[in-house]
Amino acid sequence: MTSFDRSIKIAPSILSADFADFGREIQAIEAQGADWVHVDVMDGHFVPNLTFGPPLCKAIRPHIKTVMDVHLMISPVDTYIDAFADAGADVITAHLEAGPHIHRTLQAIRGAGCKAGLAINPGTGIDGIEYLLDQLDLICVMTVNPGFGGQKFIHSQIDKVRALRALIGDRPIHIEIDGGITPETAPLMAAAGADVLVAGSAVFKGGSVNNPAPYGENIRAIRSAAEAAR
Ligand code: DX5
Ligand code: ZN
C-alpha cells in the first residue's frame with residue numbers, strides 16, 4: 001500500500017509568467033523543479049480581475065508534464081466544469097463562496113474525472129467543511145483575497161490551516177496555500193500542516209524563459225524553508 005503523498009509540493013502560478021509565452025514558461029518552471037502548475041482562472045465577477053478560460057487551459061496542457069492545478073475564481077462554477085475537465089485539468093478547485101451548492105459542485109468535479117478542490121477565502125471559517133470531506137481531494141486556504149498576484153500574506157490564516165490539518169486527520173486530502181508565499185511565509189504554513197504551496201511572484205521574480213535559473217533558485221528556497229519547518 002502506498003501512503004498519501006504529504007511531501008512539500010511547489011505549484012508556481014502562471015499568473016506571474018509571461019502571458020505571451022506560456023508554453024516555454026511552463027517548460028522552464030518544470031525543468032527548474034516545479035511539482036504542479038497552478039492556473040488561476042478569474043471571471044471579473046467573483047473576483048475583480050479577468051484572466052483566461054478553457055481554451056487557454058487546453059492550449060497549455062500539452063506543455064504540462066506534472067499536474068495541471070486549475071483554480072476557478074468564477075461564479076457560477078457548475079456550467080464550466082466539463083469544459084475545464086475536457087481541457088485536461090487534473091485538479092479543479094472551486095470556491096466555497098462561489099455558490100450555494102458546493103457539495104453538488106464537488107460531486108460534479110469528481111464526476112468529470114478530476115480531483116476536487118475546495119478554496120476558502122481569508123474571511124471564511126471552516127464550519128461545515130466536515131460535511132464535505134468525503135467529496136474532497138484538496139482544500140486551498142487563500143492567504144490573500146483572490147484576484148491578484150503579488151499581495152501580502154495574511155497571517156491570521158495560520159490557525160485555520162492548523163485546525164484544518166487536525167480535522168483532516170488521515171484522510172487523503174491535500175492542504176494547499178495560495179497567496180503571498182515566499183521563503184519567509186512558506187515555513188509558517190508547512191509547520192501548520194500545508195503540503196502544496198502555490199507561489200507566483202516569488203517563483204518568477206528575477207528570471208525569464210531565456211534566464212530560467214532564478215526560477216530554480218526561488219523554488220528551492222521556498223521548498224527548503226518549508227521542509228525545514230516540518
Ligand atoms: C490569487 C491567485 C494566486 C496568486 C498567487 O488570486 O489565486 O494563485 O497568483 O500569487 P502570489 O504568489 O504572487 O501571491
Ligand atoms: Zn490561485
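When a residue number appears, it is its place in the shown sequence, counting from 1. Only this structure's heavy atoms are used, side chains among them; waters, hydrogens and symmetry mates stay out. Every number for a ligand or one of its atoms is a count from 1 in the order of the listing. None of the values given here were measured: they were computed from a predicted structure.
- Of the N and O atoms on the side chains of Thr143 and Gln157, not one donor lies less than 3.5 Å from an acceptor on the other residue.
- Tracing side-chain contacts under 4.5 Å through hydrophobic residues (I, L, V, M, F, W, Y), one never reaches Ile14 starting from Val91; they form parts of separate clusters.
- A 4.5 Å side-chain heavy-atom check between Phe153 and Glu184 finds every atom pair outside the cut-off.
- Looking only at side-chain heavy atoms (C-beta outward), Met142 and His71 come within less than 4.5 Å of each other.
- Those atoms of ligand 1 that come under 4.0 Å of a heavy atom in Gly179, given as number and element, are 14 (O).
- Remark: ligand 1 and Leu15 share no N or O pair separated by less than 3.5 Å (distance only, no angle test).
- Looking only at its N/O/S atoms, Asp40 has OD1 as the one nearest to the Zn ion (ligand 2).
- An N or O contact shorter than 3.5 Å links Gly200 to ligand 1 by distance.
- Taking distance alone, with nitrogen or oxygen atoms compared against 3.5 Å, Asn145 stays at or beyond that limit from ligand 1.
- Below 4.0 Å from some heavy atom of Met73 lie the following atoms of ligand 1, by number and element: 6 (O), 7 (O).
- Val141 and Phe148 end up in different hydrophobic clusters when Ile, Leu, Val, Met, Phe, Trp and Tyr side chains are linked at under 4.5 Å.
- In terms of N/O distances under 3.5 Å, ligand 1 is approached by Gly180.
- One finds the CG atom of Asp90 at 7.5 Å from the SG atom of Cys114 (value rounded to the nearest 0.5 Å).
- Within the listing of ligand 1, atoms 1 (C), 6 (O) sit less than 4.0 angstrom from a heavy atom of Phe148.
- Ligand 1 places these atoms under 4.0 Å from at least one heavy atom of Pro146: 6 (O).
- The pair Arg110-Asp137 meets the salt-bridge criterion, since a charged nitrogen lies less than 4.0 angstrom from a carboxylate oxygen.
- Scanning Thr185, Asp178, Thr182 for the heavy atom closest to atom 3 (C) of ligand 1 points to Asp178.
- For Gly147, the closest heavy-atom approach to ligand 1 falls below 4.0 Å.
- With a 4.5 Å cut-off on side-chain heavy atoms, Phe46 and Glu97 count as touching.
- Within a 6.0 Å sphere centred on OH of Tyr80, heavy atoms belonging to other residues, nucleotides or ligands number 12 at most.
- Between Phe84 and Ile109 there is no side-chain heavy-atom pair separated by less than 4.5 Å.
- Taking a cut-off of under 4.0 Å to the non-hydrogen atoms of Asp40, the atoms of ligand 1 that pass are 2 (C), 3 (C), 4 (C), 7 (O), 8 (O), 9 (O).
- Rounded to 10°, the angle formed at the Zn ion (ligand 2) by His38 NE2 and His71 ND1 is 100°.
- Residue, atom and distance of the protein heavy atom nearest to atom 13 (O) of ligand 1 are Ser201 OG, 2.4 Å.
- Backbone and side-chain nitrogen or oxygen atoms of Gly150 are examined, and one is located within less than 3.5 angstrom of a nitrogen or oxygen of ligand 1.
- In this structure, a donor-acceptor pair under 3.5 Å is present between the side chains of His38 and Asp178.
- Of the N or O atoms in His71, one or more lie within a sub-3.5 Å distance of an N or O in ligand 1.
- Ligand 1 places these atoms under 4.0 Å from at least one heavy atom of Val198: 8 (O).
- Comparing Ala199, Ala11, Gly149, Ser13 against atom 10 (O) of ligand 1, the shortest heavy-atom distance belongs to Gly149.
- Those atoms of ligand 1 that come under 4.0 Å of a heavy atom in Met42, given as number and element, are 6 (O).
- Within ligand 1, the atoms closer than 4.0 Å to a non-hydrogen atom of His38 are 8 (O), numbered from 1 in the order shown.
- Checked by atom type, the side-chain pair Thr51/Asp40 shows no donor-acceptor distance below 3.5 Å.
- Its N, O or S atom nearest to the Zn ion (ligand 2) is what matters here, and for Asp178 that atom is OD2.
- Rounding to the nearest 0.5 Å places CD1 of Ile92 at 6.5 Å from CD1 of Ile81.
- Metal site remark for the Zn ion (ligand 2): Cys140 contributes no N, O or S atom at a distance under 2.8 Å.
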